[in-house]
Amino acid sequence: MADPVVASHLSLVLKAHPTISSPSQFLLQQHSKPMASSLNSAASLRLFASSSSSSSAAARLSLRSTSLSFSSSLKSLAFSTLSRHKRGSAVSVSSTGGFSSVASPKCAASDPDQLKSAREDIKELLKSKFCHPILVRLGWHDAGTYNKNIEEWPRRGGANGSLRFEVELKHAANAGLVNALNLLQHIKDKYSGVTYADLFQLASATAIEEAGGPKIPMKYGRVDVSRPNECPEEGRLPAAGPPSPADHLREVFYRMGLNDKEIVALSGAHTLGRSRPDRSGWGKPETKYTKDGPGAPGGQSWTVQWLKFDNSYFKDIKAKRDEDLLVLPTDAVLFEDPSFKVYAEKYAEDQETFFKDYAEAHAKLSNLGAKFNPPEGIVLDDGPR
């Protein structure tokens with residue numbers, strides 16, 4: 001008698017592709033597809049910044065990753081019956097040609113041991129690719145679509161892994177984030193017991209910590225959305241140069257349930273990274289601080305040491321003395337709006353207070369809109385940093 005778990009796996013794969021009569025035919029079709037262009041490992045590196053135009057090349061997803069993920073899913077059918085029943089995984093197919101996903105285990109959305117191992121792999125990735133800023137941006141943009149006025153999951157948006165789908169990657173604010181997905185996909189393939197939603201937030205928090213920032217009080221167990229039609233509509237992320245920057249920031253962040261202190265603290269993450277005009281429409285093609293990298297050269301940074309997390313962002317905006325450093329309208333307003341200015345001035349003088357407030361705000365952002373399994377979440381208890 002056929003193993004019912006194996007039959008279930010095959011049924012899901014074949015139903016997703018009704019023109020395919022067998023797993024062998026599916027793999028042949030997958031490997032006959034043209035390969036996507038290779039990864040451009042340079043990070044776009046601007047957090048929560050909208051692009052003036054969205055390049056179709058920046059939003060293409062790797063068909064190779066899809067093929068490998070499905071191939072891996074079919075190979076997993078050979079695992080032991082005990083392993084299959086314990087994990088209870090199933091294949092979920094993206095109809096848009098985007099990244100495929102493996103559904104969460106029945107016992108929990110993500111496996112704690114795999115989360116810890118994935119974190120170590122992310123640390124190694126950061127050492128070789130210097131991709132801290134784009135990984136922070138990836139986590140922020142997945143979570144930052146949350147609307148507190150909508151109760152239904154996943155329509156409310158938030159940290160649910162929807163950013164892996166091409167339809168959302170094409171949103172103007174997400175230009176270049178396909179590079180972050182490509183950087184992380186081999187880790188996702190290696191740890192199928194970690195959801196995309198958790199992986200994005202794990203990468204974001206780890207990048208902050210490894211850049212010298214505070215330890216973020218994170219929890220895990222986020223459930224992934226499974227289909228592109230579950231992605232939020234475009235327009236939920238902040239723009240860089242709106243007509244009324246203070247009003248715009250409040251409109252966007254208040255919709256998420258965040259306050260003025262959290263807006264200013266989170267803005268401080270611009271101490272990392274660069275803005276590239278070909279992706280965001282903002283910044284210089286290169287400066288004396290970015291022309292030699294690390295990573296791909298170019299772009300304009302907010303701070304001199306743009307891979308170090310500290311309070312330089314607030315100090316440099318306040319000083320206004322270096323034309324090679326970027327100041328967007330949404331940055332400048334932090335020292336112009338009376339309520340924002342209270343916190344911006346404090347953070348420029350007191351890095352310890354900034355770190356404390358940032359860690360709390362980052363953790364809150366990373367949980368927005370998420371559905372956790374188990375409901376209380378998973379804490380990786382590995383002691384102080």
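Quick caveat, the model's predicted, so the values are computed rather than measured.
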Is there a donor in the side chain of Asp121 and an acceptor in the side chain of Tyr191, or the other way round, less than 3.5 Å apart?
yes
Can the ring centroids of Phe309 and Phe354 be said to lie less than 6.0 angstrom from one another?
yes
Give the intermediate values and the outcome of side chain to side chain contact (heavy atoms under 4.5 Å, CB included) for residues Asp198 and Asp224.
CA-CA 8 Å; Asp198 271 350; Asp224 281 342; over 6 Å; no
So, the side chain of Lys188 versus the backbone of Val194: is there a donor-acceptor pair under 3.5 Å, distance only?
yes
When rounded to the nearest 0.5 Å, the distance separating CZ of Arg155 from CD of Glu230 is 12.5 Å
Do any N or O atoms from the side chain of Arg274 and from the backbone of Ser301 form a donor-acceptor pair under 3.5 angstrom?
no
Under a 3.5 Å threshold, yes or no: a donor from one side chain and an acceptor from the other, between Gln300 and Thr287?
no
Within the structure provided, determine whether Cys131 and Leu126 are in side-chain contact (heavy-atom separation under 4.5 Å).
yes
For a 4.5 angstrom cut-off between non-hydrogen side-chain atoms, does Phe340 reach Ser267?
no
Kindly say whether Asn259 contributes a backbone atom to a donor-acceptor pair with the side chain of Glu262 at under 3.5 angstrom?
yes
Going by atom types only, do Gln201 and Tyr196 share a side-chain donor-acceptor pair under 3.5 Å?
no
Under the side chain to side chain contact (heavy atoms under 4.5 Å, CB included) criterion, do Thr290 and Trp306 qualify, and how do the steps go?
CA-CA 9 Å; Thr290 66; Trp306 45 269; 3.9 Å; yes
The reported gap from CD in Glu168 to CG in Asn174 (rounded to nearest 0.5 angstrom) is 6.0 Å
Answer yes if Trp153 and Phe165 sit in the same cluster of Ile, Leu, Val, Met, Phe, Trp and Tyr residues linked by side chain heavy atoms under 4.5 Å apart, and no otherwise.
yes
Lys/Arg-Asp/Glu bridge criterion (N-O < 4.0 Å) met for Asp142, Arg137
no
Evaluate Thr353 against Asn311 for side chain to side chain contact (heavy atoms under 4.5 Å, CB included), listing each step before the verdict.
CA-CA 10 Å; Thr353 297; Asn311 66 338; over 6 Å; no
Hey, does the side chain of Arg156 reach the backbone of Gly369 with a donor-acceptor pair shorter than 3.5 angstrom?
yes
Same cluster or not: are Ile263 and Val342 linked, directly or through other Ile, Leu, Val, Met, Phe, Trp or Tyr residues, by side-chain heavy atoms under 4.5 angstrom apart?
no
Considering only distance and modelled atom types, tabulate donor-acceptor pairs under 3.5 Å from the side chains of residues 319-328, sequence neighbours left out.
residue: Asp322; atom: OD1; partner: Asp324; partner atom: N; Å: 3.0
residue: Asp322; atom: OD2; partner: Tyr289; partner atom: OH; Å: 2.5
residue: Asp324; atom: OD1; partner: Lys284; partner atom: NZ; Å: 3.2

Applying salt bridge (charged side-chain N to carboxylate O under 4.0 Å, His left out) to Glu360 and not counting sequence neighbours gives Lys356
Do Ile208 and Val379 share a hydrophobic cluster (ILVMFWY, side-chain heavy atoms under 4.5 Å, transitive)?
no
I'd like to know if Leu266 and Phe335 are part of one continuous hydrophobic network [Ile/Leu/Val/Met/Phe/Trp/Tyr, side-chain heavy atoms within less than 4.5 Å].
yes
Ignoring hydrogens and angles, state whether a donor on the side chain of Thr303 or Asp316 is under 3.5 Å from an acceptor on the partner side chain.
no
Could you state whether Leu199 and Phe372 fall into the same hydrophobic cluster, counting links through intermediate Ile, Leu, Val, Met, Phe, Trp or Tyr residues with side-chain heavy atoms under 4.5 angstrom apart?
no
Please tell me whether Arg222 and Asn367 have a donor and an acceptor in their side chains that are separated by less than 3.5 angstrom.
yes
Side chain to side chain contact (heavy atoms under 4.5 Å, CB included) evaluation trace for Ser312 with Val304:
CA-CA 8 Å; Ser312 294; Val304 175; over 6 Å; no
